[in-house]
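None of these values were measured; they are calculated from a predicted model. The figures here come from the full heavy-atom set of this structure, side chains too, leaving out hydrogens, waters and symmetry mates. Letters A, B, ... are given to chains in the order of the sequence lines, protein chains preceding strands, and every chain is numbered from 1.
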Amino acid sequence: MTNIELLAENVKRGKSDIDEIYNKGYEDGKAEGGGTWDFTKYLTSMQLNASVVEITDNIYFDLSAFGTGLNYFASNVPFSCEKITVKLSDNTTSIQGAFSNFVNVAQDKLKEIEIIGSTGGITSFSSTFCRTNLERITSEIDFSSCTYNHNCFFNATSLKELRIKPNSIKISISFSSSSDLTDESINSIVNGYADMTGQTAPVLTVHATVKSKIIADDAKDDTDPTKRFWLRTLTSKNVTLA
Amino acid sequence: MIIETINNQRVLTPDENMWLCNEGQKVVSDKVYLGIEANESDWTEITDERKQELEALWYEDATSGDSDTATVEDYQNALAEFGVAL
């Protein structure tokens, strides 16, 4: 019986048996050597449920067959593994709430999210990375098409590392929960903004600790080789820092 | 609110015990460094009490609608899209 057939059988019996499907897919993928939940690559839409709680190995989700929306894919799902990798469909246009977790925070061990494939076609990043224990997003995020990112990093209190495609941010964005962003991450955010001269000034909101770093950098002498010119860069791009 | 220009940088500072708020962007701040063409009038002063009210409202907004979990119907739809007959 294939995983999909097994899934079908379980759907007939009710939601409580869905866990077997995940475990079957996981075991098959593991047997193939990759630890992949192989059934995911056949799915065109799906939201995870709490069955992943017991999976402690890092997980790779091949979602290349998904349609345009990855909305709420792993919303409120606590992971026992530290890293998940998600391969996006080329057609993905929204990942609203895809990795958010407001409910099962205490059990959640997930620290790293890797995204394979471009996010350059995604218009909505609303509430995407609202995850308290998340420390790293290890793929470059391209905000080029993003028109709505409200609460994208809300409650991302542990976030330290992320990379943003240079000149791709054109709207306001908030990192107000993230006090531990590394210098390289701050640099990436600043350089991630497009030049907004002649357009409505977007607002970059950061945590007080990060704002202090930016202001401290601005206070350095221009000849100081360690100066990053973060504030001057933002201002000249018509971005307001709050 | 104090509006200063320091080294060609416009800086907004609220009066004592007040905060700066840009309701349109859902931002409250203790100090704002304006973009070169940014409009000062986007920012108003609010009290600490108002700050807490707004942040509670925005938190509710952030967390509501984020409690979606997959239902049996979701799985059935997923299978139907895949062409699996139930």
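- Residues of residues 226-242 of chain A lying under 4.5 angstrom from chain B, judged on non-hydrogen atoms, are A:L231, A:T235, A:S236, A:N238, A:V239, A:T240, A:L241, A:A242 by number.
- Taking all atoms of both residues into account, the shortest heavy-atom contact from B:E37 to A:G198 is OE1-N, 2.7 Å.
- Crowding of B:E49 atom CD: a count of heavy atoms from other residues, nucleotides or ligands under 6.0 Å not exceeding 12.
- Between the OG atom in A:S172 and the NZ atom in B:K26 there is a gap of 12.0 Å [rounded to 0.5 Å].
- Counting non-hydrogen atoms of other residues, nucleotides and ligands closer than 6.0 Å to CG of B:D15 gives a total above 12.
- By the side chain to side chain donor-acceptor pair (under 3.5 Å) test, A:T197 is found to be paired with A:D195, residues two or more places apart in sequence or in another chain being considered.
- When only modelled atom types and interatomic distance are considered, B:S29 and A:K211 share a side-chain donor-acceptor pair under 3.5 Å.
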Validation: residues 202-209 of chain A side-chain donor-acceptor distances under 3.5 Å, sequence neighbours left out:
| from | atom 1 | to | atom 2 | distance (Å) |
| --- | --- | --- | --- | --- |
| A:H207 | ND1 | A:T209 | N | 3.0 |
| A:H207 | ND1 | A:T209 | OG1 | 3.2 |

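- Heavy atoms of A:D218 lying under 4.5 Å from chain B are absent altogether.
- Classification of the A:F102-B:Y59 ring pair by plane angle, with boundaries at 30° and 60°, yields perpendicular.
- Taking A:F99 as the reference, A:F129 meet the ring-ring contact (aromatic ring centres under 6.0 Å, His included) condition, with sequence neighbours excluded.
- Proximity to chain B (any heavy atom under 4.5 Å) is shown, for A:I214, by neither the backbone nor the side chain.
- Contact check for A:I215 versus B:Y33: side-chain heavy atoms found under the 4.5 Å cut-off.
- Other residues, nucleotides and ligands contribute only 12 or fewer heavy atoms inside 6.0 Å of the CG atom of B:N8.
- Neither the backbone nor the side chain of B:N7 comes within contact range of chain A; no heavy atom of the residue lies under 4.5 Å from a heavy atom of that chain.
- The neighbour count for A:K213 NZ, taken as heavy atoms of other residues, nucleotides or ligands under 6.0 Å away, is above 12.
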